[in-house]
Participant: 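First the structure, which I've put down as structure tokens, then a few questions once you've had a look.
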Amino acid sequence: MPDRSQVLPASWFPVLSTVAGIATFSAMDAAMKGAALAAGVFTPLLLRNVCGAVISCPLWLANGSPRPSRQGLAVHCQRAVVTAIMAALFFYGLVRIPLAEGLAISFIAPVLALYIAALMLGERIRARAVKASILGLLGVAVIAAGRFQLGGITRDTALGIAAILLSAVFYAFNLVLQRKQAQLARPIEIALFQSLLVALVLTPAAPWLLRPVGLATAGMIGLAAVLATLSLLLLAWGYARAEAQVLVPIEYSGFLWAALFGWLFFAEPLTPTTLAGAVLVMAGCWMAVHRRRE
């Protein structure tokens with residue numbers, strides 16, 4: 001008889017950790033959009049990573065100050081460069097289009113990541129994972145089409161879309177590096193070095209791009225740093241315990257959170273096409289994590 005004392009199978013814990021990490025990351029996106037609207041993209045991005053390093057450092061010290069291996073440090077550096085470019089492009093686009101729409105466009109990245117994972121990590125691509133990604137992408141297409149039909153495409157919107165599409169290419173590599181990084185380092189090490197190295201990558205441009213910020217904007221940046229650190233810890237834990245192709249399609253659930261936060265904080269409306277697309281997205285996520293019993 002099955003063990004009823006265990007509420008959920010252990011295989012679900014990485015999935016739940018990833019879902020929680022994506023929800024937290026979407027909340028961080030909302031805080032960063034608010035800060036970027038007030039102070040531009042560069043300043044909140046740099047200060048968020050500086051704050052993230054400050055938050056992570058005591059946790060790292062409390063866990064025995066684990067030093068990265070040479071291979072681990074190389075992956076930390078690779079992901080920091082990719083993340084810096086990806087985040088700058090993403091938030092440049094996000095201040096020009098709605099939060100949920102920006103997430104919808106960026107969801108081309110998980111599809112690319114499935115194949116990059118096969119090349120870089122040697123993972124076998126299962127038919128179920130491909131079908132799940134296609135289903136999720138169809139949901140995103142429905143949502144994006146509805147938003148474009150309602151709002152039209154201005155020059156600013158076109159620039160935002162182009163930036164997010166380019167960001168999605170870097171995001172695909174980031175997802176795969178995240179899996180590789182999680183196999184080489186503990187979550188707290190990842191959280192610290194991710195923030196610290198991204199800040200170092202951005203710092204040379206500070207004399208030209210850094211702007212003063214008000215108290216409210218500083219508060220949003222601080223909140224974003226806390227949320228980003230928490231998200232890194234949750235995602236690193238999940239990706240260390242499950243294959244990328246199982247977890248990557250769950251990235252689509254980020255749209256649901258983006259739609260909620262966009263509506264709450266920026267009065268971005270929810271439409272019937274948004275809801276229809278969300279059903280497809282959730283179906284894709286379920287297909288990705290639900291496997292037939294062997």
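Keep in mind it's a predicted model, so treat the numbers as computed, not measured.
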Participant: Indicate if Phe255 and Leu99 have the same hydrophobic cluster label, given that clusters are the connected sets of ILVMFWY residues with side-chain heavy-atom separations under 4.5 angstrom.
Facilitator: yes
Participant: For Pro14 and Gly238, which heavy atoms make the closest approach, and how far apart are they?
Facilitator: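 Taking every non-hydrogen atom into account, CB-O, 3.6 Å.
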Participant: Hey, does Pro98 have a side-chain heavy atom less than 4.5 Å from the side chain of Phe266?
Facilitator: no
Participant: Rounded to the nearest 0.5 Å, what's the gap from CD on Glu101 to CZ on Arg96? Could you check?
Facilitator: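 Glu101 CD to Arg96 CZ: 14.0 Å, rounded to 0.5 Å.
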Participant: Examine distances only and state if a side-chain atom of Thr217 and a backbone atom of Val213 form a donor-acceptor pair shorter than 3.5 Å.
Facilitator: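 Checking the backbone N and O of Val213 against the side chain of Thr217, no donor-acceptor pair under 3.5 Å is found.
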Participant: Any link between Leu94 and Leu165 through a network of hydrophobic side chains (Ile, Leu, Val, Met, Phe, Trp, Tyr) touching at under 4.5 Å?
Facilitator: yes
Participant: Is there a path of hydrophobic side-chain contacts, each under 4.5 Å between heavy atoms of I/L/V/M/F/W/Y residues, joining Leu46 to Leu223?
Facilitator: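 Both belong to a single hydrophobic cluster.
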Participant: Using a 3.5 Å distance criterion without hydrogens, assess whether the side chain of Ser17 forms a donor-acceptor pair with backbone atoms of Phe13.
Facilitator: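 Here the side-chain-to-backbone pair does not exist.
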Participant: Would you say Val279 and Leu260 are hydrophobically clustered, going by side-chain heavy atoms of ILVMFWY under 4.5 Å?
Facilitator: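 No; Leu260 is not reachable from Val279 via cluster members.
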Participant: Decide yes or no on side-chain contact (heavy atoms from CB on, under 4.5 Å) for Leu61 and Cys57, but give the supporting numbers first.
Facilitator: CA-CA 6 Å; Leu61 292 172; Cys57 190; 4.1 Å; yes
Participant: What is the distance from atom CG of Leu232 to atom OG of Ser56, rounded to the nearest 0.5 Å?
Facilitator: 7.5 Å
Participant: Taking all heavy atoms of Val41 and all of Ala88, pick out the closest pair and write down the distance.
Facilitator: CG1-O, 3.9 Å
Participant: Can you tell which of Thr229, Leu230, Val19, Val226 makes a side chain to side chain contact (heavy atoms under 4.5 Å, CB included) with Thr24?
Facilitator: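 Among Thr229, Leu230, Val19, Val226, the one that satisfies the side chain to side chain contact (heavy atoms under 4.5 Å, CB included) with Thr24 is Leu230.
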Participant: Compare all side-chain heavy atoms of Leu159 with those of Tyr92 and state whether any distance is below 4.5 angstrom.
Facilitator: yes
Participant: With sequence neighbours excluded, what pairs up with Phe90 under the ring pair (Phe, Tyr, Trp, His ring centres under 6.0 Å) test?
Facilitator: none
Participant: Looking at CG of Asn174 and OG of Ser167, how far apart are the two atoms once the value is rounded to the nearest 0.5 Å?
Facilitator: 9.0 Å
Participant: Of all the heavy-atom pairs spanning Ser231 and Gly21, show the shortest one and how long it is.
Facilitator: OG-O, 2.8 Å
Participant: Has Trp237 got more than 12 heavy atoms of other residues, nucleotides or ligands less than 6.0 Å from its CH2?
Facilitator: yes
Participant: What side-chain hydrogen bond (donor to acceptor under 3.5 Å, both in side chains) pairs are there with at least one residue in residues 29-43, not counting sequence neighbours?
Facilitator: Lys33-Glu268
Participant: Does Arg48 form a side-chain contact (heavy atoms from CB on, under 4.5 Å) with Met28? I'd like the steps, not just the answer.
Facilitator: CA-CA 10 Å; Arg48 188 203 76 188; Met28 183 276 295; 3.1 Å; yes
Participant: Please tabulate, for side-chain N and O atoms in residues 186-202, each donor-acceptor pair with protein atoms closer than 3.5 Å (sequence neighbours left out).
Facilitator:
unit_1: Arg186; atom_1: NH2; unit_2: Asn63; atom_2: OD1; d: 3.2
unit_1: Glu189; atom_1: OE2; unit_2: His76; atom_2: NE2; d: 2.8
unit_1: Gln194; atom_1: NE2; unit_2: Thr83; atom_2: OG1; d: 2.9
unit_1: Ser195; atom_1: OG; unit_2: Ala191; atom_2: O; d: 3.3

Participant: What's the spacing between Leu227 CG and Met220 CE if we round to 0.5 Å?
Facilitator: 13.0 Å
Participant: Nearest 0.5 Å, what's the CG-OG distance between Leu89 and Ser106?
Facilitator: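 Rounded to the nearest 0.5 Å, the CG-OG separation comes to 12.0 Å.
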Participant: Would you compute the distance between atom CH2 of Trp257 and atom CD1 of Ile22 and round it to the nearest 0.5 angstrom?
Facilitator: 10.5 Å
Participant: Would a single hydrophobic cluster contain both Ile55 and Trp60, if residues Ile, Leu, Val, Met, Phe, Trp and Tyr are joined by side-chain heavy-atom contacts under 4.5 Å?
Facilitator: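 Per the 4.5 Å side-chain linkage, Trp60 and Ile55 are not co-clustered.
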Participant: Give a yes or no on whether Phe261 atom CZ has more than 12 heavy-atom contacts from other residues, nucleotides or ligands under 6.0 Å away.
Facilitator: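 Atom CZ in Phe261 is packed in, count exceeds 12.
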Participant: Tell me, do Met86 and Phe91 make a side-chain contact under 4.5 Å, heavy atoms counted?
Facilitator: no
Participant: Which pair of non-hydrogen atoms, one from Ala258 and one from Ala100, has the smallest distance, and what is that distance?
Facilitator: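 Heavy atoms of Ala258 and Ala100 come nearest at CB-CA, 3.9 Å.
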